[in-house]
A.B. asks: 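Let me give you the structure first, and then I'll get to my questions.
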Amino acid sequence: HPRTPLELAAMLNENPGAVHRALQTLTVYWDAQKQVVCLPEYHWLQRRRRPKPGKGYRYFLTNKGRSVIDQTHTLQPQ
């Protein structure tokens, strides 16, 4: 399972910038231009700093994200 945007971009063979923008729709983030914390409508991912000496962030499912995945998994035909 990918834990960083770069790992996810490599797995999807996608541009890292596009992956980062998509992740912002699901995580709380600081908008430096507007000087505000942006809260997404669907807060399904939690972003945490990577352990030192690494730079960047790791992403984890929130409880809401986990419940959405569990619900959709049970709805899929086996």
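Note that the structure is predicted; figures quoted are calculated from it, not measured. The basis for the numbers below is simple: all heavy atoms, side chains too, and nothing from hydrogens, waters or symmetry mates.
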A.B. asks: Evaluate whether atom CG of N63 has more than 12 neighbouring non-hydrogen atoms of other residues, nucleotides or ligands under 6.0 angstrom away.
C.D. replies: no
A.B. asks: May I ask whether L26 and V68 are part of the same hydrophobic cluster, defined by side-chain heavy atoms of I, L, V, M, F, W, Y residues being less than 4.5 angstrom apart, directly or through others?
C.D. replies: yes
A.B. asks: Over all heavy atoms of both residues, which pair between A9 and P16 is shortest? Give the atoms and the distance, please.
C.D. replies: CB-CA, 3.8 Å
A.B. asks: How long is the span from the NZ atom in K64 to the CD atom in Q46, to the nearest 0.5 Å?
C.D. replies: 16.0 Å
A.B. asks: More than 12 foreign heavy atoms under 6.0 Å from CZ of F60: is that the case here?
C.D. replies: yes
A.B. asks: Are Y29 and Y42 connected in a single hydrophobic cluster, I mean Ile/Leu/Val/Met/Phe/Trp/Tyr linked by side-chain heavy atoms less than 4.5 Å apart?
C.D. replies: no
A.B. asks: Search all heavy atoms of T62 against all heavy atoms of L45 and return the closest pair with its distance.
C.D. replies: CG2-C, 3.7 Å
A.B. asks: Any non-hydrogen side-chain atom of C38 less than 4.5 Å from a side-chain atom of V28?
C.D. replies: no
A.B. asks: Please confirm whether the backbone N or O of G17 pairs with a side-chain atom of R21, one donor and one acceptor, at under 3.5 Å?
C.D. replies: yes
A.B. asks: Find out if a path of hydrophobic residues (ILVMFWY) with successive side-chain heavy-atom gaps under 4.5 Å connects L12 to L61.
C.D. replies: yes
A.B. asks: Between Q35 and W30, is a side-chain contact (heavy atoms from CB on, under 4.5 Å) present by the stated rule, with each step listed?
C.D. replies: CA-CA 7 Å; Q35 295 291 302; W30 175 253; 3.5 Å; yes
